[in-house]
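As structure tokens, the structure follows; a few thoughts come after it.
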Amino acid sequence: MSETRAPLFVCGATASGKTAYALRLAKELDGEIVNGDAFQLFRGIEVLSAAPDDHEKSTFPHHLFGLLEPGEKCDAGRYHEMAIPVISEIQSRGKIPIVVGGSGLYLKFLTHGPSPLPKGDAKLREQMEARALGDLIAELEKIDPVEARRVNRANKRYVTRSLEICLLTGQKVSELRDGWHSKTKELESSLRGVWLIRDRGDLHERIAVRTRQMLQGGAVEEVAGLAGIHGNWEKAIGVKEIRQYVSGEISLQQCEELVVVATRQYAKRQETWFRREKWLKQVVI
RNA sequence: GGCUCGAUAGCUCAGUUGGUAGAGCAGCGGAUUGAAAAUCCGCGUGUCGCUGGUUCGAUCCCGGCUCGAGCCA
């Protein structure tokens with residue numbers, strides 16, 4: 001794997017202009033685009049997830065877009081498994097993989113590698129979901145007191161995950177995680193990537209415009225068309241709001257306002273994530 | 001024209017028997033290696049409409065004015 005063909009990461013908040021930036025890079029560096037977005041993996045929600053359109057995709061090879069059925073399950077680990085062979089295949093052809101996306105956790109699996117922790121167990125999670133938070137914390141306390149102190153106890157999902165790992169491995173999560181974290185630190189000097197930063201007001205404006213285009217450009221039809229199909233895709237911003245609109249609970253204008261707000265909040269969380277990735281080169285647009 | 005009610009944070013409103021005020025939402029900040037566009041945590045940002053009066057002290061009480069809603073003419 002030649003150094004010059006190492007993947008280049010293009011990160012940034014939603015609506016910051018990653019797609020356009022990546023296409024320019026692809027042209028400049030003779031690269032190919034690899035999706036780094038958790039929701040653009042799914043087929044049938046291209047508009048809702050702001051995936052690149054056919055015209056954009058026609059200029060350079062695009063990988064990992066719309067390859068999952070809407071009903072399929074996915075997680076950061078599966079994404080990693082799918083992306084690694086695609087990236088090496090691009091490199092083997094002498095091209096540079098340009099990974100574009102805003103899903104911090106998914107990208108981190110690519111940049112830092114997956115931890116040796118076991119993947120989620122749906123059945124176990126269902127059981128734990130039914131239990132009280134205090135009960136889960138008490139059990140975690142018995143198995144791994146260090147983790148019980150360290151985990152965000154207010155976040156049932158994180159407590160559940162910690163306990164899940166203990167139960168599946170018979171080991172202490174805290175020790176498993178510590179070992180892995182210490183190993184990934186030195187990796188960062190070899191990573192290449194940019195974080196596209198846009199002025200907050202400008203970003204909000206772009207979110208407002210894009211949300212309107214999305215709702216008028218087919219997102220409502222996409223959501224309506226997938227009625228009855230359950231899976232990860234339903235957690236995309238806009239699904240809940242569009243369903244409320246379709247059922248007549250709220251007006252289209254209210255729907256638009258709610259989606260805009262949710263998108264702005266998401267963009268802020270993304271910036272918090274990328275701010276922590278010190279290896280990313282900041283590019284102010 | 002008369003009467004009544006309202007005017008407090010970006011928005012919707014609560015409150016102060018007179019000691020310069022607080023909720024929700026928005027906003028801002030943070031956490032986050034296998035659900036992540038998820039999930040969770042922290043932070044109040046204010047000429048209390050304007051103007052006189054009473055008072056040691058007024059956002060609160062009294063008068064006037066402005067704006068808004070309603071009722072009566």
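In this text, all values refer to a predicted model and were calculated from it rather than measured experimentally.
With a 3.5 Å ceiling on both atom-pair distances, the Watson-Crick or G-U wobble partner of B:G63 is B:U51. Checking B:A23 for Watson-Crick or G-U wobble geometry (two distances, each under 3.5 Å) identifies B:U12 as its partner. Base pairing of B:C5: its partner is B:G68, meeting the Watson-Crick or G-U wobble criterion (both donor-acceptor distances under 3.5 Å). For B:U39, the paired nucleotide is B:A31, the pair qualifying as Watson-Crick or G-U wobble because both relevant distances are below 3.5 Å. B:G57 is unpaired under the criterion used here, namely a Watson-Crick or G-U wobble arrangement in which both key atom distances are under 3.5 Å.
In terms of heavy-atom proximity, A:His80 sits nearest to A:Phe109 at CD2-O, 3.2 Å.
Judged by atom type and distance alone, A:Lys268 does not reach the base of B:G27 through any side-chain donor-acceptor pair under 3.5 Å. The base of B:A35 is not paired with the side chain of A:Arg161 by any donor and acceptor separated by under 3.5 Å.
Atom C1' of nucleotide B:A37 and atom CZ of A:Arg157 are separated by 12 Å, given to the nearest angstrom. The nearest whole Å value for the distance from the CD1 atom in A:Ile207 to the P atom in B:A26 is 14 Å. Atom CE of A:Met128 is separated from atom C1' of B:A35 by 12 Å (rounded to the nearest Å). Look at CG on A:Leu176: it is 11 Å from P on B:G34, rounded to the nearest Å. In this structure, the CZ atom of A:Arg177 is 10 Å from the C1' atom of B:G34, given to the nearest Å. Across the protein-nucleic acid pair, A:Lys235 atom NZ and B:A35 atom C1' stand 4 Å apart, rounded to whole Å. Counting to the nearest Å, the C1' atom of B:G10 and the CD atom of A:Glu257 are 14 Å from each other. Protein atom CZ of A:Phe42 is 13 Å distant from nucleotide atom P of B:A35, rounded to whole Å.
Within the 4.0 Å cut-off from OP1 or OP2 of B:A36, not a single side-chain nitrogen or oxygen of A:Ser103 is found. Distances shorter than 4.0 Å separate some side-chain N or O of A:Gln265 from OP1 or OP2 on B:G27. The side chain of A:Thr272 contributes an N or O atom lying less than 4.0 Å from OP1 or OP2 of B:G30. OP1 and OP2 of B:U39 both lie 4.0 Å or more from every side-chain N or O belonging to A:Tyr158. Applying the 4.0 Å criterion to OP1 and OP2 of B:A26, one finds that A:Arg264 has every side-chain N and O outside that range. For A:Arg200 and B:C28, the shortest distance from a side-chain N or O to OP1 or OP2 is below 4.0 Å. Between A:Arg78 and the phosphate of B:A36, there is no side-chain N or O to OP1/OP2 separation shorter than 4.0 Å. The shortest distance between the side-chain N/O atoms of A:Asn155 and the OP1/OP2 oxygens of B:C41 is not below 4.0 Å.
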Next on the checklist: Quick one, A:Gln40 with A:Glu46, criterion side chain to side chain contact (heavy atoms under 4.5 Å, CB included). Give me CA distance, side-chain angles, the key distance, then yes/no.
Outcome noted: CA-CA 7 Å; A:Gln40 292 176 8; A:Glu46 286 77 9; over 6 Å; no
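Listed nucleotides: B:G30, B:A35, B:A37. Nearest to the side chain of A:Arg275: B:G30. Checking B:G34, B:A37, B:C41 against the side-chain heavy atoms of A:Asn152 singles out B:C41 as nearest. For A:Trp273, the listed nucleotide lying nearest its side chain is B:A36; candidates were B:C41, B:A36, B:G34. Distances from the side chain of A:Leu117 to the nucleotides B:G34, B:G27, B:A37 place B:G34 closest.
Side-chain N/O atoms of A:Gln270 and A:Tyr266 include a donor and acceptor closer than 3.5 Å. Of the N and O atoms on the side chains of A:Glu175 and A:Gln171, not one donor lies less than 3.5 Å from an acceptor on the other residue.
Distance check on atom C1': B:A23 versus B:A9 gives 11 Å, rounded to whole Å. Rounded to whole Å, the separation between the C1' atoms of B:C48 and B:C60 comes to 9 Å. Nucleotides B:G15 and B:G2 have their P atoms positioned 30 Å apart, rounded to a whole Å. Of the C1' atoms belonging to B:C50 and B:C67, the separation is 11 Å, rounded to the nearest Å. Using atom P as the reference point in both B:G63 and B:C3, the two lie 12 Å apart (nearest Å). For the P atoms, the distance linking B:G52 with B:G22 amounts to 28 Å, nearest Å. Taking the C1' atoms as reference points, B:U47 lies 11 Å from B:U20, given to the whole Å. B:G18 and B:G24 have their P atoms separated by 28 Å, given to the nearest Å.
With RNA chain B read from its 5' end, the first of the two nearest nucleotides for A:Pro116 and A:Ile237 is the one closest to A:Pro116. If A:His204 and A:Leu48 are placed on RNA chain B by their nearest nucleotide, the residue sitting closer to the 5' end is A:His204.
Residue A:Thr14 is classed as having no contact, given no heavy-atom separation below 4.0 Å to the nucleic acid. Counting non-hydrogen atoms under 4.0 angstrom, A:Gly113 reaches a base of the nucleic acid.
Between the A:Lys18 side chain and the A:Gly12 main chain, a donor and an acceptor come within less than 3.5 Å of each other.
The aromatic rings of A:Phe274 and A:Trp195 lie tilted to each other, with the angle between the two planes from 30° to 60°.
The only member of A:Arg153, A:Lys172, A:Arg149 that meets salt bridge (Lys or Arg N to Asp or Glu O under 4.0 Å) when paired with A:Glu141 is A:Arg153.
Ion pairing of A:Glu164 with A:Arg161 is present here, as a side-chain N (NZ or NE/NH1/NH2) and a carboxylate O approach within less than 4.0 Å.
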